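Written out below as structure tokens is the structure these notes cover.
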Amino acid sequence: MAPNPRVAKAFRAMKDIGIPEEKTKPVLKYLFKFYEKNWERIEAENYRVLADAIFDSEDAEASKTKKKDDNAEAEIKLNMLGNDDHEDEVNSFSSGKQSSMVWSYFDKLPVGPGGTQKASCTGCGKVFSANSGTSNMKRHLPKCFDLNEPGPPKKCAPLDQEMYREKLAYSIIKHNYPFSYVEHEGTRDLHKFLHRDVKPITRNTAKADVLKIYDREKTILKENLQKVNGRICLTTNLWSSITTDGYMALTAHYIDENWVLRKKVLNFKVIPPPHSGKILAEYMINFLADWGIQKKVFTVTLDNAKYNDVLVNCLSSHFRVNDVLVCDGDFTHVRCSGHVLNLIVQEGLKVIEGAIEKVRKSVKFVRGSGARKYKFAECIHQLSLQCGKYVRQDIVTRWNSTYLMLDSALAYRKAYARLALVDSSYKSFPTEKEWARVETITKLLKPFYNITTLFFGSSYPTSNLYFHNVWRIQMCIEDAINNADNVISDMAKEMKTKFDKYWENYSMVLSFAIVLDPRYKFKVVEFCFKKLNMTDKVRKEKLDNIFKGMHKLYDKEYGIFSTTSSSTVESSNIRVSTLDDFDGFESFTSKFRKVEREKSQLDMYLEEPELNRREELDVLQYWKDNQGRYPQLSLMARDILSIPITTVASESSFSIGGRVLSKYRTSLLSSSVEALLCARDWLFDLEEEDENDMEDGLAEDIEALYPTYESSQVRGRGTT
């Protein structure tokens with residue numbers, strides 16, 4: 001090839017960039033096969049193709065050599081770590097030397113009977129015979145040591161199969177995976193890749209592991225409930241699953257020894273029909289007996305279903321027989337404030353359904369097709385409306401979603417007006433009078449919406465929020481009754497009727513909670529009642545009822561430990577002088593001595609000046625810090641502040657239950673459903689995964705569609 005001028009020229013070019021002739025030859029010979037008729041291209045590019053080919057061949061050779069060297073190194077390690085030659089091993093033992101590298105990873109054990117020699121693996125402790133060479137130990141090494149890593153072999157971490165199975169069960173509980181998840185081929189391949197000693201399990205084993213965790217955590221929770229110093233408040237509700245089975249959720253609310261509010265789902269059981277109050281009470285009594293907390297129950301928060309009144313009566317009768325009923329049941333039944341609030345607002349919305357229906361149809365029209373969405377987005381852009389709100393659809397049975405729909409519709413009021421001008425098919429545009437009415441309704445509903453959001457909390461005390469916010473609702477309704485718009489006034493009157501049915505007499509036990517807020521005490525109750533439209537006589541009666549009710553609860557359940565008895569007492573250890581003519585007089589008079597009754601802790605607390613109401617205050621922290629001053633009153637505060645004012649805790653468990661018992665898992669046994677849901681609540685303390693899941697489907701950011709619409713228009717013009 002040397003006489004060929006092309007070859008000589010290529011050699012010189014490669015030599016100029018530091019590539020020797022011996023590396024150029026094989027690559028050049030290969031390239032000539034493909035570029036012989038078009039070699040000018042190689043020369044025109046200054047032999048770049050040739051140089052790249054040489055570098056690529058060097059990289060490939062280096063990779064091949066490295067792989068070969070790695071394999072050789074592993075083989076050398078194995079050869080060094082063990083010797084199959086029996087004679088060599090016998091010689092090594094006889095000479096007292098352990099020449100094989102295997103002995104770096106095995107410990108020689110004392111010689112046994114008959115001269116048997118054994119060794120134990122330092123990685124796992126397994127014992128092997130060492131009389132016949134080291135082959136058996138050599139074969140075992142890869143199980144405990146990684147021989148593929150460069151350098152000295154490193155110990156492989158053994159797999160804890162029990163922990164592996166428990167972690168799998170945790171993932172099933174936390175993420176609602178089906179039990180068959182452990183049998184999926186991809187799952188098994190992944191786990192085998194992560195550790196070669198993984199033993200795959202079946203769905204039945206996974207289910208058994210979940211039930212084992214449920215039983216263990218239930219035992220722990222039961223012990224914790226026994227240690228609760230105060231009382232336990234309950235919420236319960238019924239839920240119909242996708243399989244039409246009726247489930248009863250029972251949730252406990254209490255404040256622990258660290259003054260942290262806790263919520264635990266105790267039961268999630270299938271209840272066969274009929275669901276009468278008496279039958280539900282029997283189930284509930286059995287649940288409480290199983291948990292061992294029937295003597296600790298303080299209140300039960302329920303919605304306004306008729307059977308719940310019977311349920312509470314049956315529960316109270318049972319507690320009364322067992323002498324564990326608090327204040328003869330005066331405070332046992334707490335009505336769900338969220339449910340009452342919903343009934344009040346829904347009653348008012350019936351009066352103004354016409355204006356709301358037009359807004360509802362307008363939203364449905366805009367969201368009816370992609371073309372309408374883009375057209376509405378263009379209207380928003382042309383009017384420069386940048387409010388950042390979503391266009392929301394509502395659910396008729398959920399008034400708070402109706403409020404959000406109206407609020408967002410008002411923000412795009414001008415865009416709807418423009419849409420009515422440019423789209424003749426849009427027929428449901430509200431009139432100016434109707435828009436004004438919608439605006440008034442939205443302002444009226446805003447405090448209701450904010451209060452509902454407050455009431456639905458479960459991670460903080462809500463009982464101390466009750467009195468003030470119910471009073472605000474009453475004030476809003478009374479103001480709306482005097483509205484100049486007769487429709488709004490009629491709406492408020494209907495709401496007032498429903499309010500009086502449930503809240504004319506404020507819940508007494510929940511009213512106690514605001515008194516236990518050191519910023520307000522009884523003075524705020526007096527102040528609020530003076531603002532309402534009521535006579536002095538009615539106002540005085542309401543104040544007396546709350547005052548006497550609070551003292552009754554304290555004196556009967558808590559105060560007996562903090563006051564000195566007012567009955568007569570006998571003195572003891574009286575020194576008697578036999579020389580005294582009035583011997584025994586002191587003993588005689590002490591029998592009739594009255595001990596002045598001390599003020600109760602409740603009285604002392606109420607007499608102290610209030611704290612600054614404008615300062616932020618953690619009520620639980622206040623009572624935790626002052627339990628030394630008010631040991632009994634702090635127990636009362638602990639119990640009252642743990643009362644949930646809504647059943648949202650039970651309802652959120654239904655939402656999670658809908659994910660556990662989905663349409664793809666309808667064959668799950670009810671015991672498995674309860675284990676999955678309760679264990680998840682106990683282990684991870686999770687609320688509903690995404691409380692806005694339903695709303696996400698109802699809200700859409702149509703304003704953001706305009707850039708997409710504009711670019712599509714540009715592309716359309718470019719193609720025409």
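Residues take their numbers from the sequence shown, with the count starting at 1. Because the structure is a prediction, the values reported are computed rather than measured. Scope of the values below: all heavy atoms of this structure, side chains included, with no hydrogens, waters or symmetry mates.
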Quick one, L238 with Y247, criterion side chain to side chain contact (heavy atoms under 4.5 Å, CB included). Give me CA distance, side-chain angles, the key distance, then yes/no.
CA-CA 6 Å; L238 290 179; Y247 280 81; over 6 Å; no

What verdict does the side-chain hydrogen bond (donor to acceptor under 3.5 Å, both in side chains) test give for D394 and T402, after you've listed the backbone C-alpha separation in whole Å, the side-chain angles of each residue and the deciding distance to 0.1 Å?
CA-CA 5 Å; D394 74 330; T402 301; 2.9 Å; yes

Determine whether Y164 and H195 satisfy the following criterion, side-chain hydrogen bond (donor to acceptor under 3.5 Å, both in side chains), listing intermediate values before the conclusion.
CA-CA 11 Å; Y164 163 72; H195 204 293; over 6 Å; no

Verify whether one side chain among T202 and N204 offers a donor that lies under 3.5 Å from an acceptor in the other.
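Judged by distance alone, the side chains do not pair up.
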
Show, in sequence, the C-alpha distance, side-chain angles and deciding distance for V260 and I255, and conclude whether the side chain to side chain contact (heavy atoms under 4.5 Å, CB included) test is met.
CA-CA 5 Å; V260 176; I255 294 173; over 6 Å; no

If you measure from the Lys or Arg side-chain nitrogens to the Asp or Glu carboxylate oxygens, is any gap between [X] and [Y] under 4.0 Å?
X	Y	value
E166	R216	yes
D290	K218	yes
K269	E674	yes

[atom1] ([X]) with more than 12 external heavy atoms under 6.0 Å:
X	atom1	value
E185	CD	no
K167	NZ	no
F287	CZ	yes

Spatial distance of atom [atom1] ([X]) from atom [atom2] ([Y]) [nearest 0.5 Å]:
X	Y	atom1	atom2	answer
S135	F128	OG	CZ	12.0 Å
L280	T236	CG	OG1	7.5 Å
R262	L225	CZ	CG	12.0 Å
Y390	L404	OH	CG	13.0 Å
I285	L311	CD1	CG	8.5 Å
L683	K174	CG	NZ	10.0 Å

Only pairs at least two apart or in different chains count here, so list each side chain to side chain donor-acceptor pair (under 3.5 Å) that has a residue in residues 272-287.
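Sorted result for residues 272-287: empty, none.
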
So, do [X] and [Y] sit near enough that their side-chain heavy atoms are less than 4.5 Å apart?
X	Y	answer
D209	I213	no
L668	F179	yes
C233	P644	yes
V182	Y177	no
Y307	I279	no
L168	Y181	yes
I645	F456	no
N224	I220	yes

Looking at [Y], is its backbone amide N or carbonyl O close enough to the side chain of [X] to form a donor-acceptor pair, meaning the two atoms are under 3.5 Å apart?
X	Y	answer
R638	D256	yes
T453	Y449	yes
N308	D303	yes
K296	V228	yes
E217	R680	no
D245	V270	no
T299	I643	no
T187	E183	no

What's the shortest heavy-atom distance between [X] and [Y], and which atoms?
X	Y	value
G115	N131	O-OD1, 3.8 Å
V363	Q393	CG1-OE1, 3.4 Å
W682	K264	O-NZ, 4.0 Å
S408	K389	CA-CD, 4.3 Å
A119	M137	CB-SD, 3.9 Å
M248	I271	CB-CG1, 3.4 Å

Just do the salt bridge (charged side-chain N to carboxylate O under 4.0 Å, His left out) check on D681 and K263 with the steps written out, would you?
CA-CA 9 Å; D681 182 72; K263 171 200 70 77; 3.0 Å; yes

In terms of the angle between their ring planes, are H140 and F106 parallel, tilted or perpendicular, with boundaries placed at 30° and 60°?
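Perpendicular.
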
Could you go through L234 and T301, starting from their C-alpha distance and side-chain angles, then the distance that decides it, and tell me whether this counts as side chain to side chain contact (heavy atoms under 4.5 Å, CB included)?
CA-CA 6 Å; L234 305 172; T301 303; over 6 Å; no

Start with the C-alpha gap between T235 and H253, add the side-chain angles, then the distance that decides, and say whether side-chain hydrogen bond (donor to acceptor under 3.5 Å, both in side chains) holds.
CA-CA 8 Å; T235 58; H253 305 257; 3.2 Å; yes

Verdict with reasoning, I173 to V210, per side chain to side chain contact (heavy atoms under 4.5 Å, CB included):
CA-CA 7 Å; I173 292 169; V210 168; 4.0 Å; yes

